[in-house]
Amino acid sequence: MLTKDARIGFIGTGVMGSSMAKRIMQAGYSMSIYTRTKQKAEALISAGADWEDSIADLAKKCTIIITMVGYPSDVEEVYFSDQGILKNASKGSYFIDMTTSKPKLAIQIAKESEKKGCLALDAPVSGGDIGAKNGKLTIMVGGQEQAFHDVLKLFQAMGENIILQGEAGAGQHTKLANQITIASNMIGVCEAIAYAKKTGLDPERVLDSITAGAAGSWSLSNLAPRMIKGDYAPGFYVKHFIKDMKIALESAEELGLSTPGLALSLRLYQELEANGEADSGTQALIKLISTQQ
């Protein structure tokens with residue numbers, strides 16, 4: 001059960017994780033952090049977070065552990081290695097994986113956590129760097145209802161739209177549905193900006209019209225302005241979006257579902273990555289679309 005004297009462990013303080021951890025600290029919770037590159041955690045350490053030298057050290061000190069890492073392979077290492085969470089955390093701990101990862105892996109973590117007398121939730125997020133900074137993330141949760149309510153205040157420190165979608169894995173499946181939606185939408189946003197420029201229109205003025213109509217979307221409102229300004233700094237990395245789309249495509253194929261829009265978006269982003277844009281923000285797709293006009 002979450003109380004103000006609970007020590008929160010946070011593993012993975014990248015673009016998203018650092019802002020999410022900061023929001024939790026601002027809500028009044030004590031925090032221990034670990035990330036592969038300590039330099040990425042310096043701002044949080046300066047703000048009062050305790051640095052731990054290993055995942056094992058963090059797991060032994062914290063009863064609630066949040067993970068926000070890059071890839072499913074990272075999730076596996078963090079949870080299942082000898083120095084990982086499951087072998088070093090205390091009975092009764094809560095584990096919250098907020099990485100976008102495989103539903104099957106979320107189910108596996110939940111089962112192994114239960115064997116240890118712990119509870120696990122999969123809780124991937126949407127909202128990008130802006131949502132993380134402002135505490136307005138959408139949080140999609142899978143796992144036991146009691147565990148969800150026990151840590152709800154932590155979720156409320158990071159987000160606003162917080163929904164328990166079902167049992168373990170349901171949060172990840174919901175996030176994949178989210179990424180499938182964004183995949184095709186990003187192509188449309190880029191093509192719209194490229195089209196507006198080709199016709200000689202002021203693309204910012206065009207946005208003023210179309211963001212308020214039926215074409216409106218988060219990507220159109222938040223990423224299209226960055227495209228127009230030539231701002232390709234990552235709120236969400238191209239390489240991580242490719243990872244998400246691959247997981248979604250694999251899951252869809254397992255279900256026997258055809259997702260042609262997702263497949264097209266994945267191909268375009270892989271081409272963008274091959275052009276050296278892996279560490280750019282997803283809005284950098286406009287570079288590829290513009291050159292193909």
Residues at least two apart in sequence or cross-chain that pass side chain to side chain donor-acceptor pair (under 3.5 Å) with Tyr79, listed by chain then number, are Thr67
When the ring planes of Tyr237 and His240 are compared, do they come out parallel, tilted or perpendicular, using 30° and 60° as the limits? perpendicular
* When you measure from the side chain of Ser221 to the backbone N and O of Trp218, does any donor-acceptor pair fall under 3.5 Å? -> no
Indicate whether any N or O donor in one side chain lies under 3.5 Å from an N or O acceptor in the other, for Gln179 and Asp244.
yes
Smallest heavy-atom separation, Ser32 atom then Leu58 atom, equals O-CD1, 3.6 Å
Before you tell me yes or no, could you show the steps for Arg7 and Asp50 under side chain to side chain contact (heavy atoms under 4.5 Å, CB included), namely the whole-Å CA-CA distance, both residues' side-chain angles and the distance that decides it to 0.1 Å? CA-CA 10 Å; Arg7 174 163 288 274; Asp50 290 337; 3.2 Å; yes
Under 3.5 Å, is there a donor-acceptor pair between the side chain of Ser265 and the main chain of Gly261? no
| With distance as the sole test, does Lys243 use its side chain to make a donor-acceptor pair with the main-chain N or O of Gly70 at under 3.5 Å? | yes
For this session: List the steps and the verdict of side chain to side chain contact (heavy atoms under 4.5 Å, CB included) for Asp150 and Gln146.
Result: CA-CA 6 Å; Asp150 286 347; Gln146 186 57 54; 2.8 Å; yes
inquiry  = Could you check whether any side-chain N or O of Asp122 sits under 3.5 Å from a backbone N or O of Ala168, counting only pairs where one atom can act as donor and the other as acceptor?
reply    = no
inquiry  = For Glu52, is there any backbone N or O sitting under 3.5 Å from a side-chain donor or acceptor partner on Asp57?
reply    = no
When Thr199, Leu201, Ile193 are each screened for side-chain contact (heavy atoms from CB on, under 4.5 Å) with Lys197, the one that passes is Ile193
Please check if the side chain of Glu273 supplies one atom and the backbone of Val238 the other of a donor-acceptor pair under 3.5 Å. no
| task | Determine, for Lys104 against Glu254, whether the closest basic-nitrogen to carboxylate-oxygen distance falls under 4.0 angstrom. | result | yes
